[in-house]
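When a ligand or atom number is given, it counts from 1 through the structure's own listing order. We number each residue from 1, following the sequence as shown. Reckoned from all heavy atoms, side chains included, excluding hydrogens, waters and symmetry mates.
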Amino acid sequence: MTAQMQDAAVIDGRSVADSVVETVKQAAEELKQQTGVIPGIAVVIVGEDPASKVYVASKGKKAKECGFHSVQHTLADSTSEADLLALVEELNDDPQIHGILVQLPLPGHIDDGRVIQAINPQKDVDGFHVINAGKLTTGEVETAFVPCTPAGSTLLIERVRGKDLSGLNAVVVGRSNIVGKPMASLLLAANATVTVAHSRTPDLPAACRNADILVAAVGRPEMIKGDWVKPGATIIDVGINRIAAPERGEGKTRLVGDVAYGECAKVAGAITPVPGGVGPMTIAMLMANTLVSAYRHAGRTPPNF
Ligand SMILES: Nc1nc2c(c(=O)[nH]1)N[C@@H](CN(C=O)c1ccc(C(=O)N[C@@H](CCC(=O)O)C(=O)O)cc1)CN2
């Protein structure tokens, strides 16, 4: 009799995201009843990037579903950096707004870093400001905001592996400030032994094969192959890549992650799909961060996620 390999368990990001949003809704209602404070979020989009428009619309819809005060500022592609900075200042001073998010990417003539650093760190619900990044790396998470995608990925890992990752090797492929670096900090905080791999890592497949937890955040469609995966590993695929799908008809496209899903699912123990894995968690954690900000501004202790 030949041994039969079973496909990995699918980690359902949509259902975990729904449970986060449910907690946010209830806690927002409690805050309103107890203090009169309604969590407020401002989302700023500059330009016409089609994917950004979809994400921003989803954020506004989810914020309303959570009972938040939600405003969207839609600025033309030609908006100057000075005008965008002036809007950020206005939002910093607006007492009804507890969370400010400037959708990325910004048009090329605007310096992302300058805009992010202009956001009041106490309203930086994206967690991208250097103050929040510094707090995360030094372990001061009680007063920080953790970037939404790594925070959501961590909740998905907890569902499979628990909160304490002692004795496990985690490999993060990708070293961006938005995902790779904060993800590595969160895995370290959970006691994993962490390697950050990237395009210049010698023998990347061998580095990945060492991972009990493999986080792919490189933005390269289906780069991680089945024979890069340790049997039983937990795979978190952060990539969202739109590729041509001529099999669906002329001009059609489909979404894939950074992981070659079919072949990796045959080896892994658990894996996030794309779509339906990390993506929905990003928006749910944005709601959670905004709620936390409103609680802090009201001098109350927020719920844990
Ligand atoms: N200021 C920010 N900009 C960007 C962030 C961010 O966290 N803050 N992250 C990404 C985009 N993003 C949120 O903004 C985001 C991406 C994808 C999803 C999502 O739910 N994806 C779905 C698929 C959606 C589709 O069909 O296109 C999924 O994976 O199931 C949510 C949020 C860059 N910019």
Can you tell me how far apart CG (L104) and CZ (F128) are? Round to the nearest 0.5 Å.
6.0 Å
Gap between atom OG of S80 and atom CG of L85 - 0.5 Å precision
8.0 Å
Short N-O contact, E247 and R254, less than 4.0 angstrom:
yes
Side-chain touch I213/R161, heavy atoms, less than 4.5 angstrom
yes
Around ligand 1, what residues show up once you keep those with a heavy atom under 4.0 Å from it?
Y55, K59, L101, V102, Q103, L104, D126, F128, I240, R242, L255, P275, G276, G279, P280, T282, I283
Are any side-chain N or O atoms of N241 and backbone N or O atoms of V256, one a donor and one an acceptor, separated by less than 3.5 Å?
yes
What residue pairs, at least two apart or across chains, pass ring pair (Phe, Tyr, Trp, His ring centres under 6.0 Å) with a residue in residues 79-102?
H98-H297
